[in-house]
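As a basis for the values below, the full set of heavy atoms in this structure was taken, side chains included, without hydrogen atoms, waters or symmetry mates.
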Amino acid sequence: MIRQKTILWLNQFAVTPDQGGGTRHLELSKELVKKGWKVILLASDFGLQSRSYAKRVNSLYREPVLENHEGVQLVWLWAAPYSLNNWRRLWNWVSFWLSAVRHEKSLPAIDLVIGSSPQPLAALAGLQISKRKKVPFWLEVRDLWPESLEAATGKKGGLFYGFVRILITYLYSRADKIIHLAEGTDGYLAKYGVPKTKLIFLPNGADVSQFLEPHRASQQEHINFVYLGSHGPANGLETLVEAAGIIGPKSGISFHMIGDGPIKKNLEVLAMNRGCGHLKFHPAVSKKQAIQRLRKASAGLMILRDEPLFQEAVSPNKVFDYMAAGLPVVSNVRGEVGRIIQEARAGLVAKDGSTQALATTISEFSNLPLCERNRMGNAGRQWMRKNRDRAVVAGTFHRALEETLQA
């Protein structure tokens, strides 16, 4: 009997739909299972947004928690809890790395290991496991380190930045293949000497079948914008709050910001100081709840800090979720994300990253006829089905795996 080819995929922040966050890894894994692969996904059940455990009672229980999700074998590893973005968050990363390396002895025969880089120590664990198993290692680049951190904080240099640069350079050099989600990433990787022949483009997207048919108003109604996702330095949400202040509460426009992050409280204070009673903050929700919330919105907001890196080398989950939900998108990101929105004819993109440009674009969208807003939403959903549905991307993934492993 021929043994089923097995992929081990590590991403500390992988989640299931009952949790908050991106479900890329689970959804692609389910598609690979349909094509005959066995997939084991190593993740932590300590939530990035909830700051609590989803699969274990508390931090004292440190054994792996096993779960089968539609054929995908999920292994929830222990990672240390934290509440603030201080040294304890770094310990959370280190503890997951240690848990993953220790779990190697419990793994069956593996044919390929993929390490994802939302935090680079998880990818390092993948490389270490691949060496012990004597199998190929692929690196999935989600965040560019330390470039993303530098762009988000405006800081450069320092001991931590230097360590991360050394680590990621090592991972780039040791990876047999590198998966990237944004086309513009290849230019940054070239600076590290990564040849294009080493790259596999597996873009971000969404499982369109999960999203309910959008609510379509039959007449002009109140415009309800939603922002769904992290409230962190990289997201540039101060620009959105300031734009809401320019638009004002008498505009007939409301804003709903759903999610959590280190600067959320600062944003709430800024909104209060700007008199933004029409801008509401909501807690983070699970993927299932997010789908329900999106159905009731008029448009989705795709906002990022105005940095060159974020224009060309990021691929945010939220823009694809909006489009899969049939929502028009209003964005201040002019690079790759902006081109996708314009190619799909799925929304409007501000002319630059300024507060005034965003306020103008939001107002312009709100003044569009209802039929045009509905057309944008439908166009985005159709573009997603054709280009970025998980099944489409998984087809490319499957072929790349076959070429490597000669399945």
Charged N to carboxylate O below 4.0 Å: is that the case for Glu402 and Lys5?
no
Test your reading of the model: is there a side-chain donor-acceptor pair from Lys133 to the backbone of Leu107, 3.5 Å cut-off?
yes
Starting at CD1 of Ile246, measure out to OG of Ser251 and round the result to the nearest 0.5 Å.
12.0 Å
Quick one: does Lys287's side chain get under 4.5 Å of Val15's, heavy atoms only?
no
Is Asp260 paired with Arg51 through a side-chain N to carboxylate O contact shorter than 4.0 Å?
no
Please determine whether ring pair (Phe, Tyr, Trp, His ring centres under 6.0 Å) holds for the pair Phe397 and Trp9, giving the CA-CA distance in whole Å, both sets of side-chain angles, and the decisive distance to 0.1 Å.
CA-CA 13 Å; Phe397 199 0; Trp9 206 345; 5.5 Å; yes
Flag the pair Arg274 and Glu242 as a salt bridge only when some basic side-chain nitrogen lies within less than 4.0 angstrom of an acidic carboxylate oxygen.
yes
Between His278 and Phe255 (judged by ring centroids, cut-off 6.0 Å), do the two rings come close enough to count as a pair?
yes
Within a radius of less than 6.0 Å around CZ of Arg88, do more than 12 heavy atoms belonging to other residues, nucleotides or ligands occur?
no
Under 4.5 Å between any side-chain heavy atoms of Arg293 and Leu228, yes or no?
no
With a 3.5 Å cut-off and no angle check, do the side chains of Asn204 and Asn317 form a donor-acceptor pair?
yes
Reported CG-to-CD1 distance for the pair Leu28 and Ile179, which is rounded to 0.5 angstrom:
9.0 Å
Closest non-hydrogen atom pair, Pro136 against Asp111
CD-O, 3.3 Å
Derivation and outcome, side chain to side chain contact (heavy atoms under 4.5 Å, CB included), residues Lys318 and Met302
CA-CA 7 Å; Lys318 63 179 69 63; Met302 177 61 244; 3.5 Å; yes
Would you check if there is a donor-acceptor pair between the side chains of Thr360 and Gln356 at a distance under 3.5 Å?
yes
Set out, in order, the CA-CA distance, both residues' side-chain angles and the distance that settles salt bridge (charged side-chain N to carboxylate O under 4.0 Å, His left out) for Arg339 and Glu312, then state yes or no.
CA-CA 10 Å; Arg339 289 194 294 272; Glu312 297 296 344; 2.8 Å; yes
Contact between Leu77 and Val65 at the side-chain level, heavy atoms closer than 4.5 Å - yes or no?
no
Can you tell me how far the CD1 atom of Ile178 sits from the CG atom of Leu199, to the nearest 0.5 Å?
6.0 Å
CD on Glu364 to CG on Leu348, rounded to 0.5 Å:
5.0 Å
Spacing of CG belonging to Leu112 relative to CD1 belonging to Ile7, to within rounding of 0.5 Å:
4.5 Å
Evaluate the ring planes of Phe160 and Phe163, with Trp represented by its six-membered ring, and classify them as parallel (under 30°), tilted (30 to 60°) or perpendicular (over 60°).
tilted
Dump the intermediate steps for side chain to side chain donor-acceptor pair (under 3.5 Å) on Arg381 and Tyr322, then the final yes or no.
CA-CA 9 Å; Arg381 189 173 170 97; Tyr322 296 155; over 6 Å; no
Are the side chain of Arg142 and the backbone of Ser117 linked by a donor-acceptor contact shorter than 3.5 Å?
no
Give the intermediate values and the outcome of salt bridge (charged side-chain N to carboxylate O under 4.0 Å, His left out) for residues Glu70 and Lys34.
CA-CA 10 Å; Glu70 297 184 42; Lys34 293 177 184 177; over 6 Å; no
Walk me through whether Ile129 and Leu8 qualify under side chain to side chain contact (heavy atoms under 4.5 Å, CB included).
CA-CA 9 Å; Ile129 292 171; Leu8 177 68; 3.8 Å; yes
With a 6.0 Å cut-off on the ring centroids, do Trp97 and Trp78 count as close?
no
With no hydrogens and no angle check, just 3.5 Å: does a side-chain donor-acceptor pair link Trp37 and Gln4?
no
Go through it in stages, so that I can follow the logic: the residues are Ile200 and Trp138, the test is side chain to side chain contact (heavy atoms under 4.5 Å, CB included), and I'd like the CA-CA distance, side-chain angles, deciding distance and then a yes or no.
CA-CA 10 Å; Ile200 300 173; Trp138 289 9; 3.7 Å; yes
Taken to the nearest 0.5 Å, the spacing of Thr16 OG1 from Glu67 CD works out to 5.5 Å
Is the His180-Phe201 ring centre distance short of 6.0 angstrom?
yes
Taking all heavy atoms of Pro120 and all of Leu171, pick out the closest pair and write down the distance.
O-CD1, 3.8 Å
Test your reading of the model: is there a side-chain donor-acceptor pair from Gln119 to the backbone of Leu121, 3.5 Å cut-off?
yes
May I ask you to check whether Tyr82 and Phe46 place their ring centers less than 6.0 Å from one another?
yes
Are Thr361 and Asn332 side-chain neighbours, meaning at least one heavy-atom pair lies under 4.5 Å?
no
Do Glu403 and Lys177 sit within salt-bridge range, that is, some charged N less than 4.0 Å from a carboxylate O?
no
For the residue pair Val75 and Pro64, what are the closest heavy atoms and their distance?
CG1-CB, 4.0 Å
Could you pull out the closest heavy-atom pair between Met323 and Ala346, with the gap in Å?
CE-CB, 4.2 Å
Flag yes if more than 12 heavy atoms outside Arg345 fall under 6.0 Å of its CZ atom; otherwise flag no.
no
Side chains of Val194 and Tyr188: closer than 4.5 Å at any heavy-atom pair?
no
What pair of heavy atoms forms the shortest contact from Val101 to Ala125, and how long is it?
CG2-CB, 4.0 Å
Backbone N or O of Ile223 within a donor-acceptor pair of the Ser298 side chain at under 3.5 Å?
no
Check for a donor-acceptor pair, side chain of Asn273 on one end and backbone N or O of Leu270 on the other, with a separation under 3.5 Å.
no
Which is it for Trp93 and Trp145 under the ring pair (Phe, Tyr, Trp, His ring centres under 6.0 Å) test, yes or no, and what are the steps along the way?
CA-CA 15 Å; Trp93 290 10; Trp145 292 92; 5.5 Å; yes
Taking atom types as modelled, find out whether Ser116 and Glu140 have a side-chain donor-acceptor pair closer than 3.5 angstrom.
yes
Is the backbone N or O of Phe13 less than 3.5 Å from a side-chain atom of Asn11, with the two atoms forming a donor-acceptor pair by type?
yes
Residues Arg56, Asp45: salt bridge by 4.0 Å N-O rule:
yes
Side chains of Gln289 and Ser286: donor-acceptor distance under 3.5 Å anywhere?
yes
Between Arg388 and Asp207, does at least one N-O distance fall below 4.0 Å, as a salt bridge requires?
no
Is Glu268 salt-bridged to Lys265, cutoff N-O under 4.0 Å?
no
With heavy-atom distances below 4.5 Å as the criterion, would you say the side chains of Phe211 and Asp321 are in contact?
yes
Heavy-atom closest pair, residues Gln12 and Asn92
NE2-OD1, 2.7 Å
Using only heavy-atom distances, determine whether the side chains of Asp306 and Gln311 contain a donor-acceptor pair under 3.5 Å.
yes
Are Arg390 and Glu31 within salt-bridge range, i.e. N to O under 4.0 Å?
no
Begin from the C-alpha positions of Phe137 and Ile114 and carry the test side chain to side chain contact (heavy atoms under 4.5 Å, CB included) through to its verdict.
CA-CA 6 Å; Phe137 170 71; Ile114 305 173; over 6 Å; no
